[in-house]
Amino acid sequence: MFVTGGVASSLGKGIISASLAKLLQSRGYNVTIQKLDPYLNIDPGTLNPYEHGECYVTEDGAETDLDLGHYERFLNVRTSQDNNVTTGRIYKSVIEKERRGDYLGKTVQIVPHITDEIKRRIMLMGTHHKYDVVITEIGGTVGDIESLPFIEAVRQLKWELGRNAMFIHLTLVPYLSASKELKTKPTQHSVKALQEEGIQPDILVLRSEQDINESIRKKVALFCNVDPDAVIQSVDVDSIYKVPILMQQQHLDEIAMRKLNLPGHHDSDMSSWVAFLDKMAEATETVRIGLVGKYVELPDAYKSIIEAVNHAATYNGRKAKIELIHSENVTNENVAEKLSNLQGIIVAPGFGNRGTEGKIIAARYARENNIPFIGICLGMQMAVVEFARNVLGWDKANSTEMDHATKYPVIDIMEDQKNITNKGGTMRLGGYDCQLKPGSKAYEIYGKPVVRERHRHRYEYNSNFIKEYEAAGMVASGTNPDTGLVEIMEIPSHKFYLCCQFHPEYSSTVLTPHPLFLSFVKAAISE
């Protein structure tokens with residue numbers, strides 16, 4: 001199934017794709033979702049979060065588009081590097097083949113060489129990974145120059161696969177408040193542009209802020225050559241997790257199965273999903289969580305953390321009220337004003353010096369005021385620096401990322417990173433084991449001696465200082481069993497003060513919320 005978008009970006013192709021995948025999964029199909037991104041970067045690893053939002057990391061160490069986070073949260077199934085393909089990766093692969101002589105004697109062209117490589121990457125999901133259904137989301141909007149090779153590739157695949165392939169097109173139906181009308185012309189033009197590229201959509205999903213009546217749906221069906229029952233509306237909702245049920249109510253999964261001639265394995269069972277939605281609806285009290293970071297102007301930069309908190313709040317019978325606090329604006333003078341009303345504080349991951357002093361101040365406020373606290377990746381590192389400065393008395397302590405000449409390098413670059421000059425794809429990435437200390441808070445949270453979590457970092461806690469830290473009350477409760485890398489630092493005397501070098505937010509899903517966030521929110525709401 002190919003999902004394209006028109007009129008405007010950010011209409012929610014990823015959520016529609018994830019919702020349809022969830023519905024098919026509930027019928028017994030083995031489903032995955034793949035994202036094709038038309039930018040020339042090899043992956044989003046070197047992109048500023050302001051450019052593209054969060055960089056999501058898979059278990060096998062791929063830096064990918066944030067939509068893969070949605071895919072995992074909805075399907076409760078891990079993705080891999082094959083689930084995200086960029087134009088950069090396609091061109092790199094083709095150029096490497098050309099240099100090896102694979103195309104010896106031939107002129108290498110967009111068609112067929114680039115399009116063939118795109119098709120190979122798409123088909124890999126079904127042939128190599130053995131999925132029943134692959135939903136392939138094409139980034140950007142129809143008409144973008146950079147997405148043309150992808151559109152051409154899937155056009156060819158449609159003819160090669162016949163009834164085993166279909167197209168879903170997501171467009172915008174804007175509401176003009178001046179005339180109090182929904183306008184379908186942008187959708188008609190979007191479909192026309194798609195048809196000009198040789199693709200006829202089988203299903204249309206109309207994104208709108210207003211309810212779309214039957215007459216408008218019939219009009220769209222008539223002008224776009226689509227069955228009237230295959231015109232689906234996607235109206236604004238207060239939670240993305242309601243979208244699968246709205247799509248089910250309009251029989252999106254049944255229509256897609258009919259178009260692909262898929263047999264019905266069994267009736268859809270969305271009972272566990274509905275139970276989660278019921279918990280969300282029943283929650284009346286809120287829990288106030290502060291997220292301190294330097295990209296808070298764009299919440300998508302912290303998408304997985306926000307969703308992990310929402311999952312944990314729901315399972316604790318609360319609605320999460322998440323306050324995004326810019327770390328550059330946190331000072332010793334105003335920290336109480338900004339953080340005193342919070343029940344829990346999270347210091348976010350990131351890179352670079354900007355905003356780190358605010359993160360250090362926030363970590364200190366949480367520690368000294370017994371407020372439940374999580375520091376993630378750089379958040380852990382800044383909490384370690386704070387402890388060194390204000391408990392151990394090493395006022396110049398720092399990370400060597402921020403101060404190469406610091407007398408107390410409590411955070412230092414990893415040994416295997418010292419001679420690396422390239423930026424992209426060179427960090428410590430993907431899943432690694434973490435051995436937990438018996439009797440620690442971390443062990444209590446996870447309930448088992450060894451866990452596996454995902455990483456994305458170059459710097460680590462400097463174990464040369466472990467004796468001083470543990471003597472002063474901050475202990476290493478999680479370490480990598482192979483390298484000795486400290487993964488978790490905690491303060492046992494604190495209500496809840498736990499810092500992790502890994503990213504637990506990547507592993508939290510709707511049906512399996514992450515235990516660390518569950519325990520954190522539980523501590524935040526307890527008296």
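Just so it is clear, the structure is predicted and the values come from calculations on it, not from any experiment.
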Any Val237 side-chain heavy atom under 4.5 Å of Val243 side chain: yes
Test: Arg155 and Glu197 ion pair at under 4.0 Å: no
Within-4.5 Å side-chain heavy-atom neighbours: Arg258 and Asp202: no
Heavy-atom donor-acceptor pair, Thr86 side chain to Asn41 backbone, under 3.5 Å: yes
Close aromatic pair by centroid cut-off 6.0 Å: Tyr50 and Tyr295: yes
Any side-chain donor near an acceptor of the partner, Tyr241 and His311, under 3.5 Å: yes
Under 3.5 Å side-chain donor-acceptor pair for Gln200 and Gln195: yes
Side chain to side chain, Ile289 and Leu342, heavy atoms closer than 4.5 Å: no
Closest non-hydrogen atom pair, Gly139 against Ser147: O-CB, 4.3 Å
Passing option when Ile216 is tested against Thr184, Thr187, Val231 for side chain to side chain contact (heavy atoms under 4.5 Å, CB included): Thr184
Separation between CD1 of Ile135 and CD1 of Ile33, rounded to the nearest 0.5 Å: 5.5 Å
Any side-chain heavy-atom pair of Val7 and Leu170 under 4.5 Å: no
Intermediate values then yes/no, side-chain contact (heavy atoms from CB on, under 4.5 Å), Leu291 and Val296: CA-CA 8 Å; Leu291 177 56; Val296 295; 5.6 Å; no
Side-chain donor-acceptor pair present, Asn341, Glu323, cut-off under 3.5 Å: yes
Check: Asn83/Thr32 side-chain N/O donor and acceptor closer than 3.5 Å: yes
Beyond-backbone contact of Thr356 with Ser327, side-chain heavy atoms, under 4.5 angstrom: no
Any side-chain donor near an acceptor of the partner, Ser26 and Ser268, under 3.5 Å: yes
Heavy-atom closest contact (Ser234 atom, Ile16 atom, distance): OG-CD1, 3.8 Å
Donor-acceptor under 3.5 Å (Lys294 side chain, Phe351 main chain): yes
Test item: His169 and Val191 side chains (from C-beta on) under 4.5 Å apart, heavy atoms: yes
Pair Asp43-Asn84, side-chain donor/acceptor within less than 3.5 Å: no
Side chain to side chain, Tyr365 and Ser340, heavy atoms closer than 4.5 Å: yes
Main-chain N/O of Asn329 paired with Asn334 side-chain donor or acceptor, under 3.5 Å: yes
Contact check, side chains of Phe276 and Lys279, non-hydrogen atoms, under 4.5 Å: no
Test applied, side chain to side chain contact (heavy atoms under 4.5 Å, CB included); reference residue, Met166; option that passes from Asn261, Ile255, Val3, Leu260: Leu260
From CA spacing to verdict: side-chain contact (heavy atoms from CB on, under 4.5 Å), Val235, Gln210: CA-CA 6 Å; Val235 297; Gln210 303 281 335; over 6 Å; no
Heavy-atom closest pair, residues Ile305 and Glu54: N-OE2, 4.4 Å
Nearest heavy atoms of Leu11 and Gly6, plus distance in Å: CD1-O, 3.3 Å
Evaluation steps, side-chain contact (heavy atoms from CB on, under 4.5 Å), between Val292 and Ile346: CA-CA 6 Å; Val292 182; Ile346 300 172; over 6 Å; no
Ile445 CD1 to Phe520 CZ distance, which is reported to the nearest 0.5 Å: 11.0 Å
Chi angles and distances behind the side-chain contact (heavy atoms from CB on, under 4.5 Å) call for Leu518, Tyr315: CA-CA 8 Å; Leu518 282 173; Tyr315 282 95; 3.7 Å; yes
Check: Thr115/Glu152 side-chain N/O donor and acceptor closer than 3.5 Å: no
From CD (Glu137) to CD1 (Ile168), nearest 0.5 Å: 11.0 Å
Polar side-chain atom of Gln25 near backbone of Leu75 as donor-acceptor pair, under 3.5 Å: yes
Heavy-atom pair of closest approach, residues Tyr71 and Gly14: CE2-O, 4.0 Å
Any side-chain donor near an acceptor of the partner, Glu307 and Ser508, under 3.5 Å: no
Main-chain N/O of Tyr39 paired with Asp37 side-chain donor or acceptor, under 3.5 Å: no
Full working for side chain to side chain donor-acceptor pair (under 3.5 Å) between Tyr432 and Gln501: CA-CA 11 Å; Tyr432 290 86; Gln501 185 57 70; over 6 Å; no
Asp229/Arg217 ion pair, N-O < 4.0 Å: no
Asn316 side chain vs Ala313 backbone, donor-acceptor pair below 3.5 Å: no
Under 3.5 Å side-chain donor-acceptor pair for Glu72 and Tyr56: yes
Residues Glu181 and Lys183 bridged, charged N to O under 4.0 Å: yes
CZ on Arg121 to CD1 on Ile90, rounded to 0.5 Å: 5.0 Å
Main-chain N/O of Gln81 paired with Asp60 side-chain donor or acceptor, under 3.5 Å: yes
His455 and Phe502 aromatic ring geometry - parallel, tilted or perpendicular at 30°/60° bounds: perpendicular
Backbone N/O of Leu246 and side chain of Lys242: donor-acceptor pair under 3.5 Å: no
Polar side chain donor-acceptor pair, Thr512 to Thr509, under 3.5 angstrom: yes
Presence of salt bridge, Arg452 and Glu59, under 4.0 angstrom: yes
Distance-only side-chain donor-acceptor flag, Ser507 / Arg78, under 3.5 Å: no
Expected output: side-chain Arg456 to main-chain Gly45 donor-acceptor under 3.5 Å: yes
Ion pair check, Lys13 and Asp67, cut-off under 4.0 Å: no
Pair Gln233, Asp211: side-chain N/O donor-acceptor within cut-off below 3.5 Å: yes
CD on Gln343 to CD1 on Ile525, rounded to 0.5 Å: 8.0 Å
Heavy atoms from other residues, nucleotides or ligands near CD1 of Ile145 exceed 12 (cutoff 6.0 Å): no
Donor-acceptor under 3.5 Å (Lys495 side chain, Ala523 main chain): yes
Ion pair Arg27/Glu254, N-O distance below 4.0 Å: yes
Side-chain donor-acceptor pair present, Ser304, His503, cut-off under 3.5 Å: no
Atom pair CD/OG of Gln34 and Ser17 - distance to nearest 0.5 Å: 11.0 Å
